[in-house]
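Below: one structure, written as structure tokens.
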Amino acid sequence: MQVHEKRRDLVANVAALKRDQKTVGFVPTMGALHKGHLALVERAIAENDIVVTSIFVNPTQFNNSEDLVNYPRTLESDVKLLSELKSNDIIVFAPSPKEVYGDQMSSINYNFGGLENEMEGKFRPGHFDGVGTVLKHLFTIVSPTRAYFGEKDFQQLQIVRKLVEIEKMPVQIIGCPIYREDSGLALSSRNKRLNEKQLKASPLIYKILKQAKKDFGTKSAVKLNEWVSLQLKKNEELKLEYFEIAKVSDLKSIKRKQKDTKYRAFIAVFAGDIRLIDNIALN
Ligand code: PAF
């Protein structure tokens, strides 16, 4: 397995492979890899000749500087985990901010057709501009055939689909199912920071989503919202930031259901200062 820190080395490596007509799968990450990331890499290995995994904690997508400082940085163990997949077809790209952004680390101001203003967009101003900007840079450097994203960040996934449309980038975006602990907690690099009590409380998030899915046919969106707020008020470790039932197409939150429309429920919760998000398809 090769690890490149320099943009030019990665570009030269991928260019040589592409000259040989090899397909390139790309799994962008911010490191602190877990089984969910490894599942994306394994899928990318199965569907492409080679796989590039980037490990880069992107400063422009953090609207909270403490979150950026506290974000786990575990390059050595990340590389070890990837090497345990025993594939000769993985290339790791672990650049510095300068290698990605050059001398000017700033975000492009994107219009993702309103997707950026819903849910995470409301609570994390500038976040999706940062995600869009770093992915534009990374897609340019890696020039992947396919790129893989987890559905845990479903809003991000929809925005990435929009990004490649706006930037006219010839990469196929592939969404992959949420990977969960046996407890139901969606895997996230932030889970490493949960203390024992928070970890014990956190399965409630998925329990609530599953119940909301069960009740979606019979209860109104308003009633479900009230029920979710109540469940979280009763819990001392978790604090609800938002629960929304939204259309898959534009991620707009709904009060009333319509026929022939796909919906998902989205939730964001704080455990102490650790922010956890999750979502579920409702129909
Ligand atoms: O989902 C993430 O880990 C990040 O938002 C991504 C896609 C790697 C961009 O920094």
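Every value quoted in this text rests on a predicted model; they were computed, and no experiment measured them. When a ligand or atom number is given, it counts from 1 through the structure's own listing order. Position 1 is the first residue of the sequence; numbering continues from there.
Taking the side chain as every heavy atom from C-beta outward, Leu17 and Ile91 approach each other to under 4.5 Å. Lys239 has its side chain out of reach of Leu232: every pair of non-hydrogen atoms, C-beta onward, lies at least 4.5 Å apart.
If you look at Phe266 and Tyr242, their ring centroids are not closer than 6.0 Å. For Phe112 and Phe128, the ring centers sit 6.0 Å or farther from each other.
Between Lys80 and Glu76 there is no salt bridge, since no side-chain nitrogen of the basic residue lies less than 4.0 Å from a carboxylate oxygen of the acidic one.
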Hey, what polar pairs (N/O, under 3.5 Å) does ligand 1 make with protein?
unit_1	atom_1	unit_2	atom_2	d
ligand 1	1 (O)	Gln156	NE2	2.8
ligand 1	5 (O)	Gln61	NE2	2.9
ligand 1	5 (O)	Gln156	OE1	2.7
ligand 1	10 (O)	Gln61	OE1	2.6

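By the 6.0 Å and 45° rule, Arg264 stacks over the aromatic ring of Phe154.
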